[in-house]
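The next block holds one structure in the form of structure tokens; read it before the comments.
Letters A, B, ... mirror the listed sequences (proteins, then strands); counts begin at 1.
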Amino acid sequence: MSDDKMPEATGPLSISIPEPPTRPGDAPDFSYIEVPKAGAVDCPPVDTKPEDMRDLAYSIVRVLSRKGEAVGPWAEFLGDDLNDESLLRGLKDMMKTRVFDARMLTAQRQGKTSFYTQCLGEEAIATGFQRMMRKGDMNFPTYRQQGLLIADGCSMFDMICQIYSNEKDNLDGHQLPCLYSFKDHGFFSISGNLGTQFVQAVGWAMGSAISGDDKISAAWIGDGSTAETDFHSGMLFASVYQPPVVLNIVNNQWAISSFNGLAGGRNAPFAARAHGYGFPSLRVDGNDYLAVLAASKWATERARRNLGPTLIEWVTYRVAAHSTSDDPSAYRPKEESDAWPLGDPLERLKLHLIKKGAWSEERHTQAMAEIESEVIAVQKEAEKYGTLNRGKGPDPEKMFEGVYKEMPDHLVRQRLEFEA
Amino acid sequence: MSDDKMPEATGPLSISIPEPPTRPGDAPDFSYIEVPKAGAVDCPPVDTKPEDMRDLAYSIVRVLSRKGEAVGPWAEFLGDDLNDESLLRGLKDMMKTRVFDARMLTAQRQGKTSFYTQCLGEEAIATGFQRMMRKGDMNFPTYRQQGLLIADGCSMFDMICQIYSNEKDNLDGHQLPCLYSFKDHGFFSISGNLGTQFVQAVGWAMGSAISGDDKISAAWIGDGSTAETDFHSGMLFASVYQPPVVLNIVNNQWAISSFNGLAGGRNAPFAARAHGYGFPSLRVDGNDYLAVLAASKWATERARRNLGPTLIEWVTYRVAAHSTSDDPSAYRPKEESDAWPLGDPLERLKLHLIKKGAWSEERHTQAMAEIESEVIAVQKEAEKYGTLNRGKGPDPEKMFEGVYKEMPDHLVRQRLEFEA
Amino acid sequence: MARMTMIEAIRDAMDVKMGMDEDVVVFGEDVGYFGGVFRCTQGLQEKYGRHRCFDAPINESAIVGAGIGMATYGKRPCIEIQFADYVLPAYDQIVSEAARIRHRSNGQFTAPIVIRMPTGGGIFGGQTHSQSPEAIFTHVSGLKTLIPSNPYDAKGMLIAAIEDDDPVIFLEPKRLYNGPFDGHHENAVTSWAKHEKGEVPEGHYTVPIGKANVVETGMDVTILAYGTMVYVAQAAARENNIDAEIIDLRSLLPLDLDTIVNSVQKTGRCVVLHEATLTSGFGAELTALVQQHCFKHLEAPVLRVAGWDTPYPHAQEWHYFPGPKRVGKALKRVVEAQ
Amino acid sequence: MARMTMIEAIRDAMDVKMGMDEDVVVFGEDVGYFGGVFRCTQGLQEKYGRHRCFDAPINESAIVGAGIGMATYGKRPCIEIQFADYVLPAYDQIVSEAARIRHRSNGQFTAPIVIRMPTGGGIFGGQTHSQSPEAIFTHVSGLKTLIPSNPYDAKGMLIAAIEDDDPVIFLEPKRLYNGPFDGHHENAVTSWAKHEKGEVPEGHYTVPIGKANVVETGMDVTILAYGTMVYVAQAAARENNIDAEIIDLRSLLPLDLDTIVNSVQKTGRCVVLHEATLTSGFGAELTALVQQHCFKHLEAPVLRVAGWDTPYPHAQEWHYFPGPKRVGKALKRVVEAQ
Ligand SMILES: Cc1ncc(C[n+]2csc(CCOP(=O)(O)OP(=O)(O)O)c2C)c(N)n1
Ligand SMILES: Cc1ncc(C[n+]2csc(CCOP(=O)(O)OP(=O)(O)O)c2C)c(N)n1
Ligand SMILES: [Mg+2]
Ligand SMILES: [Mg+2]
């Protein structure tokens with residue numbers, strides 16, 4: 001206002017540049033995460049008003065205790081879904097996902113593909129969530145939700161052929177490895193651009209609801225990618241139109257080299273973002289398969305009952321490198337993943353099942369061996385049709401297909417020129 | 001997951017399309033706004049942790065009581081700033097703004113300009129806020145913050161010449177009327193694109209803080225425009241880098257024909273958006289000049305003391321049409337503005353000053369007459385230099401200036417062609 | 001047949017399609033209760049209900065992004081962006097998503113979405129209500145870009161666009177909404193009621209995508225134009241007594257190259273017009289194609305007349321607009337070149 | 001003089017400017033502690049502190065928007081966008097804001113900001129790590145668009161860009177980061193250590209904006225190229241024994257029209273190359289200018305060789321890339337045309 005007497009200026013200002021608590025060489029430090037006891041968080045009815053359950057964004061829904069017991073109201077909420085058969089299936093889904101990842105990582109190292117993204121340590125989230133989706137529902141995943149496909153029984157052969165860009169690649173070589181598209185498995189074509197699909201998932205759910213259909217959708221985004229503008233777009237349209245969508249944030253603490261404080265995640269939990277838009281959110285132990293099932297059930301039930309959107313922040317840790325192009329030892333302590341307070345999702349479910357008498361170390365070892373042979377066999381089969389740069393690969397001319405439904409003249413001319 | 005037994009589908013879904021409570025022909029209904037008593041809301045210390053003051057987003061900071069008294073902790077916080085001289089200046093700033101608007105509206109009707117945007121009913125916000133800004137600080141305003149200029153003593157002659165795009169237009173005709181740029185008054189060049197400047201304000205504050213300067217900035221956005229992606233961008237960068245910026249949302253209930261429910265504003269107060277980003281926010285009676293002063297002081301003090309960003313939701317009502325291109329009677333009850341529960345900012349301050357014995361109806365009438373003559377005189381002076389399409393206007397060739405610092409060859413050639 | 005303005009024709013196209021196909025949904029800023037700031041959607045919400053025609057938050061990127069989602073579900077969103085100047089926040093969703101989804105999913109998912117927007121200057125809208133962004137769309141494989149110049153085409157092309165299975169950018173020259181405009185802003189505008197192209201058939205018909213319209217046949221020079229510039233071309237040719245063949249491209253991508261090449265091979269001369277800034281405008285592509293396909297026939301270089309490479313100024317609007325005078329000069333130069 | 005890769009040269013440019021001018025700040029995704037996914041900013045945070053070189057949230061629009069704000073305050077932000085494919089969310093901030101602020105504020109506010117980004121294909125990056133978006137920037141008045149082809153130019157041009165008072169788009173052909181690349185992907189790549197343009201002076205120097213570089217003089221045909229395509233042009237000319245004059249444009253906007261016109265007037269023939277999709281690519285503008293300014297001298301139509309009008313495919317990368325074979329064919333056609 002230029003009335004120089006009024007507000008007083010102060011000393012020199014500065015900005016704050018968020019830094020993770022530790023860097024390579026330091027001892028890992030997860031003291032910033034407050035981990036409540038399993039069973040400690042309430043399970044409100046699915047039609048609870050958002051303003052009456054804000055506290056859920058500031059704690060963590062956990063079901064499996066340290067001892068491997070399923071405890072508390074979220075276990076109760078699961079009810080019949082907690083049967084052994086179902087949990088054993090979950091365990092195997094996670095095992096298969098992990099084995100698949102390991103094989104594909106090696107395949108990339110062997111030059112069979114250009115790129116791969118593991119989900120090591122995060123297997124429970126996608127495999128658990130998918131159990132609550134129905135045929136015809138649609139996920140809008142990122143490159144780290146292969147668990148959705150595995151849990152839905154997608155053919156690993158098809159997945160590997162896509163990764164290899166070989167002649168059986170269902171995408172004819174158009175797309176980067178891991179950026180799958182499997183419509184029949186309710187798995188939307190993954191974009192290489194972060195965030196864009198968050199609002200598309202909301203739009204898809206709007207489409208379903210406008211049509212009076214009963215299909216729901218799920219959006220997926222990483223902690224780092226919540227920074228993208230499409231995150232706000234998705235939250236906003238979910239708030240305004242209240243479509244049947246579950247909005248999933250996989251908070252695995254890291255983007256590439258940047259930690260989630262650079263997405264604002266250390267000033268408030270990501271789950272709290274929903275409060276500004278007036279819809280419910282959950283913050284959930286993403287390494288607890290039972291908590292994943294319970295929260296997924298809660299949120300999908302809200303969607304199916306037309307109660308509107310739910311935001312879920314899945315708290316987990318990216319044990320793997322960001323991708324095969326990344327080496328995390330350059331920016332975080334090597335031992336960080338061992339110090340991660342929420343443990344390993346696979347080990348935790350295994351412990352639970354063993355405690356319950358539904359599983360044993362022996363059966364586990366045997367199942368592991370079976371899964372490994374299965375994946376190896378499928379991989380071999382896929383390699384008959386080539387790998388990247390080996391074998392005939394997708395027909396080169398296929399690159400001209402699918403730009404439009406019908407090829408316009410200028411592309412026809414270009415294809416002719418290409419053939420010449 | 002395609003295990004068809006598991007989650008149960010429910011009946012047909014639908015989306016919700018937000019509608020304002022009333023439309024033309026209906027009786028206005030503002031029952032959705034809970035108005036607390038003046039003085040009812042706490043005034044926390046400016047270094048309060050964001051998590052300890054979330055309740056402020058869900059109430060409304062008010063200082064002036066119905067009877068025109070300044071009450072409660074926010075009045076106390078104002079302290080010395082509450083002196084009569086200062087408040088009389090505020091009253092006159094608002095009066096001038098209103099008179100200026102009325103004259104320019106008429107001028108547009110007379111074809112002297114192509115476009116005008118009033119701020120009728122919202123005068124307290126910009127005129128009050130600017131009192132807490134210092135020389136060198138920077139506002140990133142929208143087209144409805146002319147009050148910032150008036151309160152800063154910007155020449156109305158310059159403002160009118162810009163509105164008229166005449167030969168004295170400081171922008172040489174480049175820009176739409178009302179999209180001012182007055183760097184000397186800490187008033188950033190207004191964009192015609194909504195929202196874009198919200199994050200720029202944050203960047204400007206970052207620039208100041210990185211330089212160790214003591215300058216702060218203020219971002220401005222309308223309720224409707226909080227929907228834009230740049231809103232999230234600004235909030236996020238404010239959260240991450242904690243620069244000295246005040247983020248202002250002017251919630252005047254309406255965008256053009258769409259009400260603030262279409263920006264998510266009926267599911268949660270806009271002020272609550274800050275909670276997801278972990279910084280403090282205030283929700284303030286924007287028609288209460290004293291509340292405006294107090295909240296502006298609180299937030300700018302936080303910025304100056306390097307305590308980081310503050311979000312302020314100013315609750316007000318757009319009494320005027322959206323712009324001279326708009327006729328609100330097509331989409332809202334004509335009587336809505338009379339029913340607005342927070343009254344008229346000018347009348348409320350006037351009542352307070354009269355109550356205090358610092359003002360009277362007579363002095364008010366006289367001051368009004370003086371201001372009107374002043375504005376009319378300035379307007380006449382400006383019209384000597386032409387109005388839109390009358391007089392010689394800005395030099396046509398000036399359109400080639402300022403595209404780049406130095407005109408590149410291709411533009412030189414185009415200018416030559418133009419002259420030919 | 002009814003006489004319609006371009007606004008009415010556009011509205012009628014949506015009305016016809018909404019009546020025929022319940023997957024067609026219309027949304028955008030202010031398009032619901034209010035019927036759009038240019039009134040293109042007036043009455044549609046009342047007729048088809050709030051689920052078929054509704055207001056959207058002011059977030060162009062989300063409008064397009066949600067529209068893409070709906071389209072991949074199976075709807076046919078016909079979206080309004082309030083001014084073409086405001087489509088830029090949605091550019092990523094349009095280019096990286098709408099235009100790519102069919103190819104990257106190898107046909108599993110498609111985004112049949114129409115993005116309508118008023119384009120061009122001439123209403124004293126200043127730099128943010130006047131721009132013509134066609135060239136940033138014609139560079140994008142997977143998109144179609146259309147721009148009608150009259151009510152008849154507007155209705156037929158919009159119906160074709162909504163029926164098209166690929167994403168379509170539909171540019172509406174706002175200066176033509178109420179009548180053909182020849183660039184002489186000092187004159188009163190004739191209304192569509194007095195123009196034969198204001199005759200618009202009732203019900204369903206389409207104007208096929210990818211077909212240009214030869215508006216005037218002539219021997220001296222071919223003028224390639226679209227939108228408002230079609231009328232400026234006519235005025236300039238008439239006023240300079242030039243026997244021009246004027247082609248209204250209508251569809252920029254896909255482009256009717258045959259019609260263009262046939263004409264230039266006949267006339268041997270060509271002038272290209274648009275309102276967008278010159279450099280890297282769509283006129284560059286047209287010029288490149290013409291010189292390539294008609295090289296032996298060209299008797300003069302192809303000239304472009306376009307907006308200057310500056311923002312669209314408010315006060316100097318009519319100095320910026322490539323009106324009949326500038327176009328006439330270029331025509332003379334090209335026709336007189338030896 | 002030191003031998004540097006293009007990455008080192010780019011880093012050195014920032015280092016030199018950060019050392020000279022404390023208003024220069026560098027930020028972007030992963031550029032701080034880690035030094036960028038291509039390591040272009042490695043060591044800068046350590047050397048200049050976390051306030052001068054820092055990580056940004058994954059929000060390209062905000063990165064540019066905040067950068068604009070800083071620039072209007074008085075800083076000189078040099079921003080990295082991780083891949084050119086990811087600049088699209090920032091397109092509105094770049095076009096509607098950075099490019100317009102000087103004009104709309106009549107010089108009161110300016111946005112001297114450099115937006116660096118790796119561009120082009122050749123690393124099996126698929127459609128979202130390979131695109132070349134230059135044409136969507138060259139259409140925008142108020143922007144400058146540069147693209148170096150070697151370490152020497154990269155450093156000198158980046159220093160010039162940071163010193164420039166207008167916003168600059170700085171495209172870095174990622175396939176050239178570690179060595180010149182002629183399009184023969186089956187061959188091993190030579191490193192910059194073996195190339196004369198890998199010699200980079202220490203300290204401050206600039207390569208002026210707006211000046212092209214005649215890489216090879218020749219009489220048969222002029223090749224207009226930039227970035228990676230400069231080496232493809234050389235390979236194609238060599239392999240087909242064509243005496244080509246090869247112009248490395250370096251600065252697309254402003255463009256060194258004189259150098260282009262002089263050359264084509266001499267050779268009478270012209271081929272234009274780029275990796276971006278053909279239609280409405282920057283090659284269209286070049287072609288339009290050449291035919292306009294060299295009409296009488298042209299003995300054959302200007303031909304363009306460019307990326308196909310499809311997304312950049314992953315598996316068919318080398319079928320998409322306009323390599324020496326395709327360029328050679330076009331050269332022969334143009335040279336042999338009567
Ligand atoms: C628009 C855009 N910007 C940047 C990138 C580059 N990028 C790919 S993955 C990644 C990190 C994402 O982190 P997060 O969202 O946390 O997901 P996570 O990898 O941890 O699952 C970045 C920056 C991109 N793909 N798209
Ligand atoms: C990017 C963009 N989209 C749309 C518009 C058109 N438009 C101008 S003002 C306005 C309404 C803004 O409402 P609000 O933000 O509430 O501000 P208010 O006018 O109430 O002060 C709209 C939609 C625009 N100028 N820019
Ligand atoms: Mg992450
Ligand atoms: Mg408003």
Side-chain angles (χ1 to χ4, degrees), chain B residues 14-15 17-20 23 113-115 164-166 169 171-177 179 191-196 222 224-231 255-259 262-264 325-326 330-331 388-389 393-403 408 410-411 414-415 417-418 420, chain C residues 27 29-37 39 42 45 49-63 65 82-83 85-86 88-90 92 123-131 185-186 277-279 305-320 326 329-330:
Chain B
S14 61
I15 61 170
I17 310 278
E19 271 293 307
R23 287 293 194 185
T113 180
S114 57
F115 180 79
Y164 286 170
S165 288
N166 70 14
D169 173 4
L171 305 182
D172 283 337
H174 290 182
Q175 186 53 304
L176 264 187
L179 300 191
S191 178
N193 297 60
L194 296 172
T196 46
S225 306
T226 59
E228 288 287 11
T229 59
D230 300 287
F231 173 73
I256 299 180
S257 77
S258 72
F259 79 123
L262 266 157
S325 316
D326 176 47
Y331 51 79
L388 182 67
N389 296 328
D395 187 348
E397 284 175 36
K398 289 267 171 75
M399 73 179 152
F400 293 100
E401 307 273 341
V403 183
H410 69 281
L411 268 182
Q414 291 183 20
R415 193 179 54 180
E417 194 187 324
F418 172 71
Chain C
F27 61 102
E29 294 159 20
D30 300 295
V31 309
Y33 184 87
F34 185 61
V37 295
R39 322 319 306 269
Q42 201 175 16
Q45 181 174 82
R50 289 200 280 131
H51 285 64
R52 300 280 309 282
C53 175
F54 51 89
D55 285 336
I58 306 174
N59 178 328
E60 292 76 12
S61 172
I63 290 172
Q82 202 159 77
F83 283 87
D85 315 70
Y86 306 145
L88 303 189
D92 186 47
I123 62 159
F124 273 109
Q127 53 174 273
T128 51
H129 302 84
S130 307
Q131 294 167 87
H185 59 281
E186 58 285 359
T277 51
L278 177 78
T279 298
V305 186
W308 307 114
D309 284 336
T310 76
Y312 218 119
H314 177 254
Q316 301 92 338
E317 161 144 86
W318 296 115
H319 297 286
Y320 182 91
R326 274 177 68 202
K329 266 195 206 169

**Report entry** Closest non-hydrogen atom pair, Q316(C) against G173(B)
**Finding:** OE1-O, 3.4 Å

Query raised in the report: Roughly how far, to the nearest 0.5 Å, is CG of L194(B) from CD of E60(C)?
Result: 7.5 Å

Query raised in the report: Could you state the interatomic distance from CZ (F115(B)) to NE2 (H129(C)), rounded to the nearest 0.5 Å?
Result: 6.0 Å

**Report entry** Pick from P311(C), A315(C), G32(C) with the largest number of heavy-atom pairs that fall under 4.5 Å of chain B
**Finding:** A315(C)

Report task. Any chance you could measure M399(B), atom CE, to W308(C), atom CH2, to the nearest 0.5 Å? Result -> 6.5 Å

Query raised in the report: Which atoms form the tightest heavy-atom contact between I58(C) and A255(B), and what is the distance?
Result: CD1-CB, 3.7 Å

**Report entry** Largest heavy-atom contact set with chain C, pairs under 4.5 Å, which of D169(B), T229(B), L179(B), T196(B)
**Finding:** T229(B)

Query raised in the report: Judged by atom type as modelled, is there a donor-acceptor pair below 3.5 Å linking the side chain of H319(C) to the main-chain atoms of E397(B)?
Result: no

Query raised in the report: So what's closer than 4.5 Å to chain B heavy atoms on D55(C): side chain, backbone, both or neither?
Result: both

**Report entry** Heavy-atom side-chain contact between N389(B) and F124(C) under 4.5 Å
**Finding:** yes

**Report entry** Heavy-atom closest pair, residues L278(C) and Q414(B)
**Finding:** CD2-NE2, 3.8 Å

Query - 4.5 Å side-chain heavy-atom contact, K329(C) and E417(B) - result: no

**Report entry** Interface moiety of E317(C) toward chain B, non-hydrogen atoms closer than 4.5 Å
**Finding:** neither

Requested in this report: Against chain C, label F418(B) side chain, backbone, both or neither, depending on which of its atoms sit under 4.5 Å from a heavy atom there.
Outcome: both

Report task. Select one option (side chain, backbone, both, neither) describing which atoms of I15(B) are under 4.5 Å from chain C's heavy atoms. Result -> both

Query raised in the report: Checking A62(C) against chain B: side chain, backbone, both or neither under 4.5 Å from a heavy atom?
Result: neither

Query raised in the report: For the residue pair Y331(B) and F34(C), does the interplanar ring angle fall in the parallel (under 30°), tilted (30 to 60°) or perpendicular (over 60°) class?
Result: perpendicular

Query raised in the report: Taking all atoms of both residues into account, what is the closest heavy-atom pair of N59(C) and E228(B), and its distance?
Result: CA-OE1, 3.6 Å

**Report entry** Region of Y312(C) in contact with chain B, defined by heavy-atom distances below 4.5 Å
**Finding:** backbone

Query raised in the report: Any donor and acceptor pair, going by atom type alone, linking the side chain of E29(C) with main-chain N or O of S258(B) inside 3.5 Å?
Result: no

Report task. State the CD1-CZ distance between I17(B) and R52(C), to the nearest 0.5 angstrom. Result -> 12.0 Å

Report task. Output the option from G195(B), S225(B), A330(B), S325(B) having the highest count of non-hydrogen pairs under 4.5 Å with chain C. Result -> A330(B)

Report task. Report the option among G35(C), P57(C), A56(C) that has the most heavy-atom pairs separated by less than 4.5 Å from atoms of chain B. Result -> P57(C)

Requested in this report: Heavy-atom pairs under 4.5 Å with chain B are the metric here; pick the option from G125(C), S61(C), P89(C) that has the most.
Outcome: G125(C)

Query - Rounded distance [0.5 Å steps], CZ in F400(B) versus OH in Y320(C) - result: 9.5 Å

Query raised in the report: Any side-chain heavy-atom pair from D309(C) and V403(B) closer than 4.5 angstrom?
Result: no

**Report entry** Donor-acceptor pair between H314(C) and S114(B) side chains, under 3.5 angstrom
**Finding:** yes

